[in-house]
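This report refers to the structure that appears directly beneath it.
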Number of protein chains: 2
Amino acid sequence: MQISSRFTVALHIFSCVDTFGDEHKVTSDFLASSINTNPVIIRRILGQLKKAGLIEIARGTGGITPTRPLSEITFYDVYKAVDSIEDEKLFHFHENPNPECPVGRNIHNLLNDKLDAIQKAMEDEMRGYTIEDLHKGMESLLAKET
Amino acid sequence: MQISSRFTVALHIFSCVDTFGDEHKVTSDFLASSINTNPVIIRRILGQLKKAGLIEIARGTGGITPTRPLSEITFYDVYKAVDSIEDEKLFHFHENPNPECPVGRNIHNLLNDKLDAIQKAMEDEMRGYTIEDLHKGMESLLAKET
DNA sequence: AATAGAAGTAACCGTTGAAATTACAACAGA
DNA sequence: TCTGTTGTAATTTCAACGGTTACTTCTATT
C-alpha cells in the first residue's frame with residue numbers, strides 16, 4: 001500500500017511556486033500542465049495546503065504565496081496537510097478482536113506504542129527536510145542543465 | 001492513507017502462535033475467531049508469511065511453525081511479507097510530469113533520495129522490534145491479568 | 001459597472017485495492 | 001477411507017483516489 005500521490009504533487013507545487021512565482025503567476029492550470037493532471041485536482045490540494053495554513057491563494061488574479069519562510073515549512077507539514085485524517089494513525093488494526101481470547105483483548109494495547117514509535121520515526125525524518133531544501137536542490141539541478 | 005491491516009493481523013497471528021501453539025493447534029479457524037475475521041483472510045496472510053519463508057504450515061492436521069528463532073523475525077520482515085509489492089516504494093509520484101517544464105522533468109530525481117531516506121527511517125525502526133519482543137510483552141500483559 | 005480570468009466546489013464516473021464470503025479441490029493423518 | 005484443514009478461485013461490497021464537467025464566486029482591470 002502506498003501513500004497517495006497528493007504528497008509528492010504538493011511538493012511539486014511548492015517547487016513550481018518557488019521557481020516560477022517571481023516571474024509569472026502560477027495558476028492551477030499552469031501547475032496542472034507541469035504535473036500532468038487536472039486543474040481541479042490541483043485546486044483541491046491547494047485547498048488543503050491553505051486550510052493547513054501553509055499558503056495563501058489570491059482569487060481572481062491567481063497566485064500562491066507561502067505564509068512563512070520556506071525554511072520553516074517541512075515535508076511533515078505538507079504530508080500532514082494533504083495526506084492524513086484527523087487522529088488517523090499510519091497503521092490500523094482489524095476492528096473488534098475477540099475479547100474472550102487473551103491475545104485478542106491485549107494485542108491492541110501491546111502493539112500501540114511500538115507502532116507509534118515506527119510512525120514517529122518516519123515523521124521525524126520528514127521534519128528534517130524543508131521546502132527551502134527543495135528549492136535549493138531544484139536550483140542546483142536547473143543550473144546543471146547547461 | 002493507512003497501511004493495510006494485514007500487517008497488524010500478521011502480528012496478531014504470531015502472538016497467537018507463540019502463546020497457544022504449545023497447548024493446542026492453531027488453525028485458521030481459531031485465528032479468525034481471535035481476530036474476528038474470516039478464515040480465508042487468515043489463510044491468505046499465512047500464505048504470504050510462508051512465501052516469505054517466515055513460517056511453515058502443516059496441511060490437513062493444521063499447525064503453524066516459525067522457521068527461525070523469534071528473536072530473528074523482525075516487524076520489518078512481517079511488513080515486507082504481507083504489505084509490499086516487489087519494488088514498490090512507500091511514496092509514489094504522479095505519472096508523467098511534463099518534460100517541457102524544468103520543474104516537471106527534475107522533480108522526480110530531486111525527491112527520490114529524500115523519500116527513500118524517509119522510508120528507510122521507518123523500516124529501520126521496524127527492524128528494532130522482533131516477534132520475541134512481542135511474545136514477551138504478551139506474556140507480561142497476561143501475567144498481569146491476575 | 002462590466003468584463004475576464006481564476007479559484008471554489010458540487011456532482012459524477014471509472015478504476016483499484018481491501019476485506020469478506022462461498023464453494024470446492026488438494027492434502028495429511030488417524 | 002474418512003475427517004479436518006489448508007489452498008485457492010470466483011464473486012461481492014465498499015471506500016478512496018484520480019479524473020472530468022459544469023457552474024458559482026470572487027477580484028483585478030478596463
Side-chain angles (χ1 to χ4, degrees), chain A residues 1-10 12-13 16-17 20-21 24-33 35-52 55-65 79 82-86 88 90-97, chain B residues 1-10 12-13 16-17 20-21 24-33 35-52 55-65 79 82-86 88 90-97:
Chain A
M1 182 169 280
Q2 290 185 306
I3 288 173
S4 89
S5 69
R6 287 195 302 273
F7 178 51
T8 52
V9 168
H12 189 144
I13 288 172
C16 280
V17 170
F20 305 119
H24 51 85
K25 63 185 173 184
V26 177
T27 66
S28 61
D29 270 54
F30 173 86
L31 289 165
S33 161
I35 293 163
N36 189 27
T37 181
N38 190 291
V40 176
I41 301 292
I42 301 298
R43 283 183 217 138
R44 284 205 273 249
I45 293 174
L46 288 174
Q48 291 180 293
L49 295 173
K50 179 184 175 184
K51 195 175 168 193
I55 60 171
E56 280 175 356
I57 305 173
R59 206 162 163 168
T61 168
I64 297 159
T65 321
Y79 170 70
V82 302
D83 212 323
S84 83
I85 300 167
E86 187 75 16
E88 187 185 77
L90 180 61
F91 301 97
H92 83 278
F93 292 93
H94 197 281
E95 306 80 41
N96 310 317
Chain B
M1 184 169 278
Q2 289 183 307
I3 287 174
S4 90
S5 70
R6 287 194 301 274
F7 178 51
T8 53
V9 168
H12 190 145
I13 288 172
C16 280
V17 170
F20 305 120
H24 51 84
K25 65 182 172 186
V26 178
T27 65
S28 61
D29 268 55
F30 174 86
L31 290 165
S33 162
I35 293 164
N36 189 28
T37 182
N38 190 289
V40 176
I41 301 292
I42 302 297
R43 283 182 218 139
R44 285 204 272 251
I45 292 174
L46 288 174
Q48 292 179 293
L49 296 173
K50 180 183 173 187
K51 195 176 168 193
I55 60 171
E56 279 174 358
I57 305 173
R59 202 161 166 169
T61 169
I64 298 160
T65 321
Y79 170 70
V82 302
D83 213 324
S84 82
I85 299 167
E86 187 75 18
E88 189 186 75
L90 180 60
F91 300 98
H92 83 278
F93 291 92
H94 196 281
E95 306 79 40
N96 309 317

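Computed from a predicted structure; not experimentally measured. Residue numbers start from 1 in every chain, and the chains themselves are labelled A, B, ... in the order their sequence lines are given, proteins ahead of strands.
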Counting just side-chain N and O atoms, does T37(A) come under 4.0 Å of either OP1 or OP2 of dG19(D)? yes
On a plain distance test, is the side chain of R43(B) in donor-acceptor contact with the base of dT5(D) below 3.5 Å? no
Protein-nucleotide distance (I13(A), atom CD1; dA7(C), atom P), rounded to Å: 11 Å
Would you tell me if any nitrogen or oxygen in the side chain of S28(B) comes within less than 4.0 Å of OP1 or OP2 on dT6(D)? yes
If you assign each of P39(B) and D83(B) to its closest nucleotide in DNA chain C, which residue comes earlier from the 5' end? D83(B)
Taking atom C1' of dA16(D) as reference, at what distance in whole Å does atom CD of Q2(B) sit? 12 Å
Mark yes or no for a side-chain to base donor-acceptor pair under 3.5 Å between R44(B) and dA20(C), with no hydrogen or angle criteria applied. yes
Within this structure, what is the CD1-to-P distance between I42(A) and dA7(C), rounded to whole angstrom? 10 Å
Could you tell me the separation between the CG atom of N36(A) and the P atom of dT20(D), rounded to a whole number of Å? 9 Å
With heavy atoms under 4.0 Å as the rule, sort I41(B) into base, sugar-phosphate or nothing. base
Do you know which two heavy atoms are closest between F93(A) and S5(B), and how far apart they sit? C-CB, 4.3 Å
When the distance from CD of Q48(B) to P of dT8(D) is rounded to whole Å, what number comes out? 12 Å
Are any of the side-chain heavy atoms of T8(B) and H94(A) separated by less than 4.5 Å? no
To the nearest angstrom, how far is R59(B) atom CZ from dC27(C) atom P? 6 Å
Whole angstroms only, please: what is the NE2-P distance between H24(B) and dT5(D)? 13 Å
Without decimals, in angstroms, what is the distance between L31(A) CG and dA7(C) C1'? 12 Å
Candidate pair T37(A) and E95(B), rule side chain to side chain contact (heavy atoms under 4.5 Å, CB included), full reasoning: CA-CA 9 Å; T37(A) 181; E95(B) 306 79 40; over 6 Å; no
Working for side chain to side chain contact (heavy atoms under 4.5 Å, CB included), residues I35(A) and I42(A): CA-CA 9 Å; I35(A) 293 163; I42(A) 301 298; 3.6 Å; yes
side-chain N/O S5(A) vs dG18(D) OP1/OP2, d < 4.0 Å: yes
From dT5(D), dA6(C), dA18(C), nucleotide with atom closest to K25(B) side chain: dT5(D)
For dA18(C), does OP1 or OP2 lie under 4.0 Å from any side-chain N or O of H92(A)? no
Want to settle it: does D29(B) or E95(B) sit nearer the 5' end of DNA chain D, counting the closest nucleotide to each? D29(B)
Closest heavy-atom pair and its distance - V82(A), Q48(A): O-NE2, 3.6 Å
Does H94(B) put a side-chain nitrogen or oxygen below 4.0 Å from OP1 or OP2 of dG19(D)? yes
Closest approach to the side chain of V40(A), judged atom by atom: which nucleotide of dT21(D), dG19(D), dA18(C) is it? dT21(D)
Let me confirm one number: the OG1-CG distance from T27(A) to L31(A), rounded to the nearest 0.5 Å. 6.5 Å
Do the side-chain N or O atoms of K50(A) get closer than 4.0 angstrom to the phosphate oxygens (OP1, OP2) of dG8(C)? yes
